[in-house]
Amino acid sequence: MEQNNNNSNGTSQDGNNTSHSATGLIIPSASNQDPWANLLANILGKQQETQQRQMEILERITKSDANRNGLGEFQKLKPPTFLGTANPLEAEDWIVAMEKAFEAMGCTDKEKIIYATYMLQSSAFEWWDAHKKSYSERISITWELFKEAFYKKYFPESVKRMKEKEFLELKQGNKSVAEYEIEFSRLARFAPEFVQTDGSKARRFESGLRQPLKRRVEAFELTIFREVVSKAQL
């Protein structure tokens, strides 16, 4: 009976103050609520941190899936891989093929870097993997920045000047109009400042035609490159 009286007064045998709920669970008295509150706050804090990490992981996975899906669509265009080369023209051809695929896909600048570097293999990939570490983390690597580094590695300025000179001296000579147009378009890539507009490109093409074809085409005063080529072929 004495033990029951002690319990009914809220004092346990070990001297701690407790109270009983209607369900018989022991609830800490006011003097013991602070430690429990701190423990509960810590538990809730850890739960929130865990949820935040899970959300970040899911976001990364979602982005990774999006990149993977985009890369799959890009690969359907069958873009060429690049292993590295000592031939500057092969390097230029690869850049042209990449940009053609980028245009077809409507790629963002970030996607261009992702897809292009994915197509690098062998020594070319090893070069880029080492070179990109030279950029500060604050620098966002753009496609133009990539091309600048790429050309320095695989397309020396001396070769570019040589090809530019070839373009400026190009004449139709004994070639057919179709053959001349192919050579003209190939070399025009190395002298973009001379063909900045469609009109300037048309004038440059006309100037290389052999006589009397040149006089006959010039008489039409055409300003669109494709129209000049078509008229010369006719």
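Residues passing the ring-ring contact (aromatic ring centres under 6.0 Å, His included) test with Phe167 are Phe184, sequence neighbours excluded. Not counting sequence neighbours, the partners of Arg189 by the side-chain hydrogen bond (donor to acceptor under 3.5 Å, both in side chains) test are Asp93. Scored by the side-chain hydrogen bond (donor to acceptor under 3.5 Å, both in side chains) test, Tyr135 finds His131 as partners (sequence neighbours excluded). Partners of Phe194 according to the ring-ring contact (aromatic ring centres under 6.0 Å, His included) rule, which considers only residues two or more places apart in sequence or in another chain, do not exist here. Partners of Lys100 according to the salt bridge (charged side-chain N to carboxylate O under 4.0 Å, His left out) rule, which considers only residues two or more places apart in sequence or in another chain, do not exist here. The salt bridge (charged side-chain N to carboxylate O under 4.0 Å, His left out) test applied to Lys133 returns no partner, not counting sequence neighbours. A search for salt bridge (charged side-chain N to carboxylate O under 4.0 Å, His left out) contacts involving Arg186 returns Glu183, not counting sequence neighbours. Listed by chain and number, the residues in a side-chain contact (heavy atoms from CB on, under 4.5 Å) with Ser176 are Ala178, Glu179 (sequence neighbours excluded).
Cluster membership for Leu187 and Met162, using ILVMFWY side-chain heavy atoms within less than 4.5 angstrom, is shared. Taken together through direct or relayed side-chain contacts under 4.5 Å among Ile, Leu, Val, Met, Phe, Trp and Tyr, Phe190 and Leu168 form part of one hydrophobic cluster. Val177 is connected to Phe220 through a chain of hydrophobic side-chain contacts under 4.5 Å among Ile, Leu, Val, Met, Phe, Trp and Tyr, so both are in one cluster. Leu77 and Ile95 fall within a single hydrophobic cluster, where Ile, Leu, Val, Met, Phe, Trp and Tyr are joined by side-chain heavy atoms under 4.5 Å apart, directly or via other members.
Counting non-hydrogen atoms of neighbouring residues, nucleotides and ligands closer than 6.0 angstrom, the CD atom of Glu103 reaches no more than 12 such neighbours. Counting non-hydrogen atoms of neighbouring residues, nucleotides and ligands closer than 6.0 angstrom, the CZ atom of Arg216 reaches no more than 12 such neighbours.
The minimum heavy-atom distance linking Gln196 with Glu193 is given by the pair CG-O, 3.5 Å. Between Glu164 and Ala191, the shortest heavy-atom contact is CG-CB, 3.8 Å. The two residues Gly106 and Glu111 make their nearest non-hydrogen contact at O-OE1, 4.4 Å. Heavy atoms only, all atoms of each residue included: Leu120 and Phe125 are closest at O-CB, 3.6 Å.
Judged purely by atom type and a 3.5 angstrom limit, Thr117 uses its side chain to pair as donor or acceptor with the backbone of Ile114. In this structure, the side chain of Gln172 does not engage the main chain of Tyr180 through any donor-acceptor pair within 3.5 Å.
Note on residues 165-176: pairs passing salt bridge (charged side-chain N to carboxylate O under 4.0 Å, His left out), not counting sequence neighbours, are Lys163-Glu166, Lys165-Glu169.
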Name every donor-acceptor pair, under 3.5 Å, that has one atom in a side chain of residues 221-229 and the other anywhere in the protein, sequence neighbours excluded.
residue : atom : partner : partner atom : Å
Arg226  : NH1  : Glu181  : OE2          : 3.1

Show me, pair by pair, the donor-acceptor contacts under 3.5 angstrom made by side chains of residues 78-86, not counting sequence neighbours?
residue : atom : partner : partner atom : Å
Thr85   : OG1  : Asn87   : N            : 2.9
Thr85   : OG1  : Glu90   : OE1          : 2.8

Could you list the donor-acceptor pairs under 3.5 angstrom formed between side-chain atoms of residues 138-155 and any protein atom two or more places apart in sequence or on another chain?
residue : atom : partner : partner atom : Å
Thr142  : OG1  : Leu145  : N            : 3.2
Trp143  : NE1  : Glu99   : OE2          : 3.0
Lys147  : NZ   : Glu99   : OE2          : 2.7
Tyr151  : OH   : Glu92   : OE1          : 2.7

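Side-chain contact between Val195 and Phe205: absent, with no pair of heavy atoms (C-beta onward) separated by less than 4.5 Å.
How far CD1 of Ile113 is from NZ of Lys132: 10.5 Å, rounded to the nearest 0.5 Å.
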